[in-house]
Protein chains: 2
Amino acid sequence: MGISERKEREKAEREQRIIGAAKMLAEKDGWASVTVRRLAQEIEYSQPVLYAHFENRDAIVGAVALEGFGELGPVLRSSVRRGASAAQAMEDVAMAYLEFAIERPALYEAMFVLPSGLRFAKSDTPQSLRDTFGAMMAVVEPFCANAELATEAFWATLHGLAELERHGRIRTAFRKERVAHIVDMFASKS
Amino acid sequence: MGISERKEREKAEREQRIIGAAKMLAEKDGWASVTVRRLAQEIEYSQPVLYAHFENRDAIVGAVALEGFGELGPVLRSSVRRGASAAQAMEDVAMAYLEFAIERPALYEAMFVLPSGLRFAKSDTPQSLRDTFGAMMAVVEPFCANAELATEAFWATLHGLAELERHGRIRTAFRKERVAHIVDMFASKS
DNA sequence: TAAATAACTATAGCACTGCTAGAATGTCAA
DNA sequence: TTGACATTCTAGCAGTGCTATAGTTATTTA
C-alpha cells in the first residue's frame, strides 16, 4: 500500500514548494507582494489548494519563520571564532545576528515582526526556536548569574538594534561601535 | 479677506479630526481596522476628501506617529523623579518608555514599526522627534563619553524590550528586573 | 469490468482594501 | 443671472484573503 505514502510525500513536497515560493517572493519583493494568488500561480495550483496546507496567510508566514529559526541558530553558533574569548564570542554572535537581520530582512520580519502564530517560551515552542535562544544564552551565561534574564535583555538589545537599523533610525555606519559598546557592558558586569 | 483664513482653519480642523479618528480607531481595534473608508465615515466626508489632506494611508499613520512623539518626549522627561540620581533617572526613563509602548501599542506601532514616511536623524527631522531622542540622551550622557552612540544603543535596547514584550516573546513579569539589569550595565560602565 | 464512492481541485464569488476619474454640486465674482 | 472656479460625491478599478459549490479524477466496491 505505497499509494497513500506517495500522496503524503507529494503533499509534503507541495507544501515545501509553497514555503519556498513565499520565502523567495518575500526576499525579492517584500512580504506585501506575497499574496495567496501569486503563491498559487507559483506552484501551479488554484488558491483553495493552499488552504488545504495552511489555515491562512499568517500560517505561511509562520512556516517561513520556522525555517528562519532553522537557519539563524546554526549561523549564530558557527559565528564564534575558534579560540575566541567569552567577550569575543559574544561580539561574534551579536554581529552575526545583526548581519542576518540586515541581509535577510524578509526572513527576519517573518520571524520577529509579522504576525506568524509562533509561540515563544511556551511548552509547545519548536526546537529550532529554543536552539536559537540557546545560542544566545551560551555567550551570555559566562557573565551573568541570572542567564535567562540576561539573555532576554541581550536578545532585546540585538532585536532593537536590528529593527532601528533596518528602518534607518540609527546610523548604519556605527553598527560595530554600538556592538562593541554593548558587549563591553554585558561582559564587564560579571 | 478673512474668508480664505476661515477655509484654511476649517481644513486644519478637519485634518485634525482625521488624525484623531485614526488614533482612536487604532487604539480601539488596531491599525488593521483603520481603513480610509472608515475614517471617511468617521469624519462624515467621502473618501476622496482624505486624499486632499494626505497623500496616502501611510501619511495618516505618519501624522499619528508625529503626535506620538509629541507625547512621548514630555512623558520621558517628566518621568524622572525629583532628586533622582543619574542611575535612577535612567531607570525612570526606561520604565516610562516601556510603559508607553505597552499601554499605547497603536501609537507606538505608528511611531516605530509601521511605514510612516517619517525621516529620522536627517536635516528635516521634526523637532518633537529630536526632543524625544534628546530626552533619552539626557539620562545616558552622564555615563558615556560618546553620548550619541550610547543613546542609540540605549534606545535600541528599549525598543527591543518593548517589541519582544509586546509580542509575548519575553516574560512580561520580569520587565523591572531586565530594566534594572540594563541600567546597571549602562551606569556602571562610566 | 462497470458502477458507486471518496478524494481532490477549479471556478466563481463574497466582502473587503487603497485609490481615482469624472460627474455633480455649491460658491463666488463679473 | 451667468460663467468660472473650487469643493465634494458617486461610481468604479484592480487588487486582497478567503470559501461555497461544482466538477473532475482516482480508488474501492459490486
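Since the structure is predicted, the reported quantities are computational estimates derived from the model, not experimental observations. Below, chains carry the letters A, B, ... as their sequence lines are ordered, and counting in each starts from 1.
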I'd like to know if the side chain of A:T132 and the backbone of A:S128 have a donor-acceptor N/O pair within less than 3.5 Å.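 Pair found, side chain donor or acceptor close to backbone of A:S128.
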Holding to side chain to side chain donor-acceptor pair (under 3.5 Å), I want the full list of residues that pass it with [X], two or more places apart in sequence or in another chain.
X	value
B:D58	none
A:R37	none
A:E10	A:R6
B:Y45	none

The criterion is salt bridge (Lys or Arg N to Asp or Glu O under 4.0 Å); which residues satisfy it with A:E148, sequence neighbours excluded?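 B:R171.
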Specify the separation, in whole Å, of atom [atom1] of [X] and atom [atom2] of [N].
X	N	atom1	atom2	value
A:E15	C:dC8	CD	P	14 Å
B:L50	D:dT10	CG	P	14 Å
A:E10	D:dA26	CD	C1'	12 Å
B:K11	D:dT7	NZ	P	7 Å
A:F54	D:dC18	CZ	C1'	16 Å

Return the angle between end axes of the helix from C:dT1-D:dA30 to C:dA30-D:dT1, with five pairs used per end and rounding to 10°.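 It comes to 30° between the two terminal axes.
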Counting primed atoms, P, OP1 and OP2 as sugar-phosphate and everything else as base, the B/S/- map of nucleotides 13-22 of chain C against protein heavy atoms under 4.0 Å is B---BBBBB-
Please list, chain by chain and in numerical order, all residues satisfying ring-ring contact (aromatic ring centres under 6.0 Å, His included) with B:F174, sequence neighbours excluded.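 So B:F174 forms no ring-ring contact (aromatic ring centres under 6.0 Å, His included) with any residue.
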For A:F54, what residues pass the ring-ring contact (aromatic ring centres under 6.0 Å, His included) criterion, not counting sequence neighbours?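 Applying ring-ring contact (aromatic ring centres under 6.0 Å, His included) to A:F54 gives none.
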